[in-house]
A.B. asks: 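Pasting a structure below so you can have a look.
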Protein chains: 2
Amino acid sequence: MPNNQFKKGELYSFITGKASTAIGRRLQKNFKQANIEITIEQWSVLYHLWKVDGMSQQELCDATFRDKPSITRLVDNLEKLKLVKRNASREDRRKNLIVLSPEGKELEEHCMEVANTTLNEALQGVTNGQVEIAKEVLQMVYDNLK
Amino acid sequence: MPNNQFKKGELYSFITGKASTAIGRRLQKNFKQANIEITIEQWSVLYHLWKVDGMSQQELCDATFRDKPSITRLVDNLEKLKLVKRNASREDRRKNLIVLSPEGKELEEHCMEVANTTLNEALQGVTNGQVEIAKEVLQMVYDNLK
DNA sequence: GGCATATAGTTGTTTATGCAACTAAACAAA
DNA sequence: TTTGTTTAGTTGCATAAACAACTATATGCC
């Protein structure tokens with residue numbers, strides 16, 4: 001039975017995530033304008049390290065909703081940029097603990113400022129009540145599919 | 001002034017589009033299970049051609065929110081799969097009109113069934129009223145940033 | 001007609017994703 | 001201790017995105 005909550009064009013927009021694509025592009029653009037030379041994917045890893053430094057790659061997978069090869073390569077690139085370092089774990093030699101360099105730590109304040117600005121741009125004219133419901137729906141969608 | 005509608009973790013989810021990523025992955029998985037051997041990006045192009053066959057690449061850019069190189073390569077791959085064909089336009093020799101092959105046309109029904117099923121999976125337990133508001137918010141976000 | 005500019009599309013480079021196959025270390029059971 | 005299984009991470013390959021530089025055609029203006 002076809003779902004008729006969505007007209008054809010809307011179905012497309014919803015499935016392809018037009019809005020979140022737009023937010024990502026704007027964030028990337030805002031980083032560039034602020035002379036922050038990282039990608040939003042790299043930002044998404046740093047974001048979690050700023051909260052808890054020294055996470056393992058597997059923990060970063062879970063936090064960022066990315067698979068292991070993606071994190072391997074994001075960490076590769078962040079290491080090239082000297083923003084993080086892989087430290088072998090003492091307790092479990094299979095694990096790499098990813099720790100921020102001083103340069104990586106320094107980025108936090110500026111990046112989070114830009115992220116908040118971007119979110120404010122995105123949510124112009126949207127009421128708190130609407131945002132709450134949208135967040136709920138998106139969370140339910142995620143829970144339904146995970 | 002920082003936006004305090006979002007707690008930290010929520011900000012991350014919203015910006016990175018956790019929900020729409022999950023929908024995309026599920027759609028891809030459902031295509032695979034249905035033995036439909038295309039990517040969701042290829043689907044997004046076919047989707048618009050099923051509505052209006054013979055669009056130019058530029059029109060596909062606008063419809064799919066992708067840039068020109070992306071469409072060039074998606075059309076390349078769709079041509080390799082023999083699902084579409086580039087026809088030079090008579091009126092404007094700069095333009096390629098992208099037309100569906102019989103195989104491309106055949107895919108429509110099955111693909112749209114799978115897309116609708118996927119959307120139903122995603123929206124389990126979400127009321128029509130909530131969906132309406134979420135759609136509005138996402139549209140406003142898109143309009144704010146485009 | 002001739003020149004500047006805009007539009008349509010392609011190509012090259014870097015970064016990232018998804019999937020499968022792989023290595024190495026840890027753990028569990030006999 | 002050895003054997004099998006799970007977990008952590010890496011590598012290879014195909015597809016895709018973002019950006020810049022490019023070619024070719026069309027158009028507007030003098």
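Protein chains get the first letters and strands the later ones, always in sequence-line order, with residue 1 at the start of each.
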A.B. asks: Under 4.0 Å: is that the gap between some side-chain N or O of Thr39(A) and OP1 or OP2 of dA16(C)?
C.D. replies: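 True: Thr39(A) side-chain N/O within range (under 4.0 Å) of dA16(C) OP1/OP2.
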
A.B. asks: Can you see which heavy atom on Leu97(B) is nearest to which on Ser89(B), and at what distance?
C.D. replies: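 Nearest pair, atom of Leu97(B) first, then Ser89(B): CG-CB, 4.0 Å.
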
A.B. asks: Looking for any heavy atom pair under 4.0 Å, which part of the strands does Gln28(B) touch: base, sugar-phosphate only, or nothing?
C.D. replies: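 The answer is nothing, as Gln28(B) stays clear of every strand by at least 4.0 Å.
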
A.B. asks: Start at the 5' end of DNA chain D and walk down; is the nucleotide closest to Lys32(A) or to Ile40(B) reached first?
C.D. replies: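 Nearest-nucleotide comparison on DNA chain D picks Ile40(B).
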
A.B. asks: Quickly work out the Asn77(B) CG to dT11(C) P distance and round it to whole Å.
C.D. replies: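 Taking atom P of dT11(C) as the reference, CG of Asn77(B) is at 13 Å.
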
A.B. asks: Extract, from 5' to 3' on DNA chain D, the first and final nucleotides lying under 4.0 angstrom from some heavy atom of chain B.
C.D. replies: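 Boundary nucleotides touching chain B, in 5' to 3' order, are dT15(D) to dA26(D).
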
A.B. asks: What is the separation between atom CD on Glu41(B) and atom C1' on dT17(C), rounded to the nearest whole Å?
C.D. replies: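 It works out to 9 Å between those atoms.
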
A.B. asks: Compare every heavy atom of Thr72(B) with every heavy atom of Arg86(B), then report the nearest pair and how far apart it is.
C.D. replies: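 Minimum heavy-atom contact is NH2-O, 3.1 Å.
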
A.B. asks: Quick check on Lys95(A): does its NZ atom have over 12 non-hydrogen neighbours (other residues, nucleotides or ligands) under 6.0 Å away?
C.D. replies: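 It does not: Lys95(A) NZ has 12 such atoms or fewer within range.
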
A.B. asks: Between Thr127(A) and Val131(A), does a side chain to side chain contact (heavy atoms under 4.5 Å, CB included) hold up when you go through it step by step?
C.D. replies: CA-CA 6 Å; Thr127(A) 68; Val131(A) 169; over 6 Å; no

A.B. asks: Looking only at heavy atoms, what is the nearest atom pair of Ser44(B) and Thr64(B), with distance?
C.D. replies: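 Result for this residue pair: O-CG2, 3.7 Å.
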
A.B. asks: Which atoms form the tightest heavy-atom contact between Tyr142(B) and Ala22(A), and what is the distance?
C.D. replies: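 Shortest heavy-atom contact: CD1-CB, 4.0 Å.
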
A.B. asks: Look at all strands and tell whether Ile71(A) reaches a base, only sugar-phosphate, or nothing, counting heavy atoms closer than 4.0 Å.
C.D. replies: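 It contacts nothing in the nucleic acid.
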
A.B. asks: Mind calculating the distance between CD (Glu91(A)) and P (dC27(C)) to the nearest angstrom?
C.D. replies: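 Nearest whole value for this atom pair: 11 Å.
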
A.B. asks: Provide a list of protein-nucleic acid N or O atom pairs under 3.5 angstrom, restricted to nucleotides 6-9 of chain C.
C.D. replies:
unit_1	atom_1	unit_2	atom_2	d
dT7(C)	O2	Arg94(B)	NH1	2.8
dA8(C)	N7	Lys68(B)	NZ	3.3
dG9(C)	OP1	Gln57(B)	N	3.3
dG9(C)	OP1	Asn96(B)	N	2.8
dG9(C)	OP1	Asn96(B)	O	3.2
dG9(C)	OP2	Gln57(B)	N	3.4
dG9(C)	OP2	Gln58(B)	N	2.6
dG9(C)	O3'	Asn96(B)	ND2	3.2
dG9(C)	N7	Lys68(B)	NZ	2.7

A.B. asks: In this structure, how many angstroms lie between the P atom of dA16(C) and the CZ atom of Arg73(B), rounded?
C.D. replies: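 Going from CZ in Arg73(B) over to P in dA16(C) covers 17 Å.
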
A.B. asks: Closest heavy-atom contact between Glu41(B) and Leu74(B)?
C.D. replies: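 Reported closest heavy-atom pair: CB-CD2, 3.8 Å.
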
A.B. asks: Is there a residue in residues 16-27 of chain A whose heavy atoms reach under 4.0 Å of DNA chain C, and which residues are they?
C.D. replies: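 The stretch gives none, as no residue of it lies under 4.0 Å from the strand.
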
A.B. asks: Do the charged groups of Glu79(B) and Lys85(B) touch, with an N to O distance under 4.0 Å?
C.D. replies: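 Salt bridge flag = no for Lys85(B) with Glu79(B).
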
A.B. asks: Report yes if some heavy atom in the side chain of Arg25(A) is under 4.5 Å from a heavy atom in the side chain of Phe65(B); otherwise report no.
C.D. replies: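 Yes - at least one pair of side-chain heavy atoms lies under 4.5 Å apart.
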
A.B. asks: Is Arg93(B) touching bases, backbone alone, or none of the nucleic acid, heavy atoms closer than 4.0 Å?
C.D. replies: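 Sugar-phosphate contact only.
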
A.B. asks: What are the two closest heavy atoms between Ile36(A) and Cys111(A), and how far apart are they?
C.D. replies: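 Result for this residue pair: CG2-SG, 3.8 Å.
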
A.B. asks: Atom CD of Glu37(B) to atom P of dC19(C): distance rounded to whole Å?
C.D. replies: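 Going from CD in Glu37(B) over to P in dC19(C) covers 12 Å.
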
A.B. asks: Do any N or O atoms from the side chain of Glu59(A) and from the backbone of Ser56(A) form a donor-acceptor pair under 3.5 angstrom?
C.D. replies: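 Pair found, side chain donor or acceptor close to backbone of Ser56(A).
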
A.B. asks: Between Lys29(A) and Lys80(B), who's closer to the 5' end of DNA chain D by nearest nucleotide?
C.D. replies: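 First, find each residue's nearest nucleotide; the 5'-ward one identifies Lys80(B).
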
